[in-house]
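Only one structure is covered here, and it is reproduced in the block below.
Only heavy atoms go into these numbers, but all of them, side chains included; no hydrogens, no water, no symmetry mates. Positions are given from 1, in the same order as the sequence printed here. Every value quoted in this text rests on a predicted model; they were computed, and no experiment measured them.
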Amino acid sequence: LTHFVLRFTYFLVGAAVALAPLLTLPLETLLGRAGQVSILNQAVNGGDLWGMLARQTGAALGLFFWRGDAILRHNPAGRPLFDLFMLVPFLVGVIWCLKNWRRPAAALVLLWTAVMLGPTILAEDAPHFLRAVGILPAALLLPAIGLAQIWQWPRLPARWRQTLVIGLALGSLGVTARDYAAYARAPDTGYLFEQAARELAQTVNARGVNTAVYVDERYWSGWPSVPFLAANANVRRFTPEAGLPTLTPPAVVIAWPYDSRDFIPAALPERALVFAQAGPLARGDLEPEANPLYAKYVVSSAWPESAATAVFGSQLILLDSRVSLLDEQTMQVDLVWDAATAVTPPLTAFVHVLQEGEIVAQSDAPPGGGQWPAAWWRPGLQLHDRHILTLPEPFDPARGRIVIGWYDPATLIRLPVIDASGRSVGDAWEIEPR
């Protein structure tokens with residue numbers, strides 16, 4: 001009796017320590033969510049508690065091999081816990097535990113798995129892998145026990161059973177690697193795990209000690225991964241209401257792209273070159289479409305005015321153009337523009353790759369990928385505009401041409417082009433890779 005009391009006391013002390021953090025939460029917070037998702041809630045079970053319980057139990061048991069959690073944040077959608085290579089070892093492990101249920105180890109595995117399935121059975125959306133995560137320590141032992149039994153099975157020659165176990169293990173490893181490699185590459189996975197926020201932090205960290213990086217306060221307070229990953233000591237947080245100080249090149253501004261950003265051109269020096277670019281796409285759990293997480297503005301020293309090579313519509317001056325082949329079928333075109341006057345109305349820039357007079361690849365977009373409003377143009381404030389094009393085949397300069405220009409998206413009328421000598425050259429300007 002004394003031994004039992006001592007062990008029970010140990011259990012109570014351990015349970016108290018494990019549950020102590022929960023005591024800091026209000027009871028409403030602790031139990032509120034449980035009441036919302038419990039199958040005891042009539043709004044969840046639809047008045048059919050026992051039918052709901054049977055369906056939930058079936059779905060929970062099916063998580064092992066039939067169908068896993070469909071929520072992409074938790075799991076490759078629908079992938080069960082184990083693949084078919086582990087089916088036989090799993091069943092052998094279950095049978096062994098059932099036959100040896102009097103052994104404490106076997107009983108613990110079965111009891112642990114059954115009890116820890118409870119949270120997903122008793123809450124909606126079974127199988128829910130976050131609620132069922134407690135089964136993992138025991139459930140993973142079941143196919144391991146099965147593999148051990150097959151390895152020791154006396155009815156098969158040693159070489160056969162060992163080859164079988166190794167083959168099952170390698171097959172399972174291959175299928176698992178395939179499934180999770182595809183899961184990691186899926187765009188939706190990147191959205192759900194805030195890949196764009198990670199890239200924001202990488203952008204901040206990539207800047208040197210001489211570059212001031214201004215980050216909208218919303219990213220610091222709204223995305224915990226950003227301040228956790230951003231290690232650049234030159235980060236300066238700002239709010240749109242307070243605006244920015246006068247920027248001295250080099251500088252970078254990370255801005256929220258869905259409100260007015262007129263404080264940005266107001267903070268730029270009289271002459272500067274700005275690389276405007278939309279950040280990577282992000283999507284919240286309840287948002288139907290992905291959108292850029294941020295807008296980036298890299299401020300550097302301006303190009304000399306003497307670099308002008310062509311003028312478009314007496315408004316926009318081309319200072320530089322560079323074509324880079326990132327790979328055989330990806331072309332990057334970088335253009336540097338200055339404005340002779342204010343630019344109205346909003347215009348769209350185009351970069352077309354022509355082959356035998358036909359367009360084979362194109363990028364038509366507002367300046368800066370939509371991050372440079374028409375009202376921001378002014379003489380001396382230059383824009384570095386980047387276009388990425390996907391080619392149907394490797395670019396051949398002997399057969400292909402690259403032309404650029406501007407047009408009014410409302411009328412599709414292109415701006416006329418004048419070269420550096422003042423000669424009219426039509427409504428497009430040809431550039432060459434260099």
Side-chain angles (χ1 to χ4, degrees), residues 33-34 37-39 44 51-101 103-153 161 164-193 285:
R33 177 62 176 162
V37 301
S38 171
I39 65 171
V44 173
M52 180 79 171
L53 180 61
R55 291 189 295 273
Q56 291 282 106
T57 303
L61 294 175
L63 71 83
F64 292 102
F65 289 99
W66 179 249
R67 186 174 182 275
D69 195 336
I71 300 174
L72 194 61
R73 187 187 290 277
H74 303 162
N75 185 56
R79 186 188 191 277
L81 181 59
F82 299 116
D83 53 71
L84 292 179
F85 284 98
M86 288 294 106
L87 175 59
V88 171
F90 178 84
L91 293 176
V92 170
V94 171
I95 293 170
W96 184 90
C97 288
L98 289 172
K99 289 177 63 176
N100 295 274
W101 65 272
R103 295 188 181 186
L108 177 62
V109 170
L110 293 173
L111 185 62
W112 189 320
T113 304
V115 169
M116 288 302 173
L117 280 175
T120 192
I121 292 174
L122 298 175
E124 63 180 346
D125 297 328
H128 191 289
F129 275 14
L130 294 189
R131 295 170 189 150
V133 71
I135 69 170
L136 288 179
L140 293 176
L141 290 173
L142 291 169
I145 292 171
L147 289 171
Q149 294 302 306
I150 294 172
W151 185 276
Q152 299 168 1
W153 195 22
R161 61 184 186 242
L164 178 59
V165 169
I166 294 171
L168 290 171
L170 291 177
S172 180
L173 177 63
V175 170
T176 301
R178 179 202 66 190
D179 291 348
Y180 280 92
Y183 178 63
R185 290 192 299 265
D188 284 345
T189 305
Y191 299 151
L192 293 170
F193 286 94
D285 289 353

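- The minimum heavy-atom distance linking Ser172 with Asp83 is given by the pair OG-OD2, 2.7 Å.
- With a 4.5 Å cut-off on side-chain heavy atoms, Gln149 and Ile95 do not count as touching.
- By the salt bridge (Lys or Arg N to Asp or Glu O under 4.0 Å) test, Arg55 pairs with Asp48, sequence neighbours left out.
- Distance CG/Leu91 to CG/Leu87: 4.5 Å, rounded to 0.5 Å.
- Every residue two or more places apart in sequence or in another chain that forms a ring-ring contact (aromatic ring centres under 6.0 Å, His included) with Phe90 is listed here: Phe64, Phe65, Phe82.
- Pairing each heavy atom of Ala77 with each of Ala70, the nearest pair is CB-O, 3.8 Å.
- Side-chain N or O atoms of Tyr183 include one that pairs as donor or acceptor with a backbone N or O of Leu72 at under 3.5 Å.
- Applying the side-chain hydrogen bond (donor to acceptor under 3.5 Å, both in side chains) rule to pairs touching residues 59-72 yields Asp69-His74, sequence neighbours excluded.
- A distance of 11.5 Å separates CG of Leu141 from CD1 of Ile135, quoted to the nearest 0.5 Å.
- Using a 4.5 Å heavy-atom threshold, the side chains of Asn75 and Tyr180 count as touching.
- The side-chain hydrogen bond (donor to acceptor under 3.5 Å, both in side chains) search around Thr189 returns none, not counting sequence neighbours.
- Atom CE of Met52 sits about 6.5 Å away from atom CD of Glu124, to the nearest 0.5 Å.
- A heavy-atom distance below 4.5 Å is found between the side chains of Leu147 and Leu168.
- The heavy-atom pair separating Pro143 from Pro89 by the smallest distance is O-CB, 3.6 Å.
- Taking every heavy atom of both residues into account, Phe129 and Leu63 meet most closely at CE1-CB, 3.9 Å.
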Check residues 109-122 and write down every donor-acceptor pair under 3.5 Å in which the side-chain atom is one partner and the other belongs to a residue at least two apart or another chain.
from: Trp112; atom 1: NE1; to: Gly134; atom 2: O; distance (Å): 2.8
from: Thr113; atom 1: OG1; to: Val109; atom 2: O; distance (Å): 2.8
from: Thr120; atom 1: OG1; to: His128; atom 2: N; distance (Å): 2.9

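- Partners of Asp125 under the salt bridge (Lys or Arg N to Asp or Glu O under 4.0 Å) rule, at least two apart in sequence or in another chain, do not exist in this structure.
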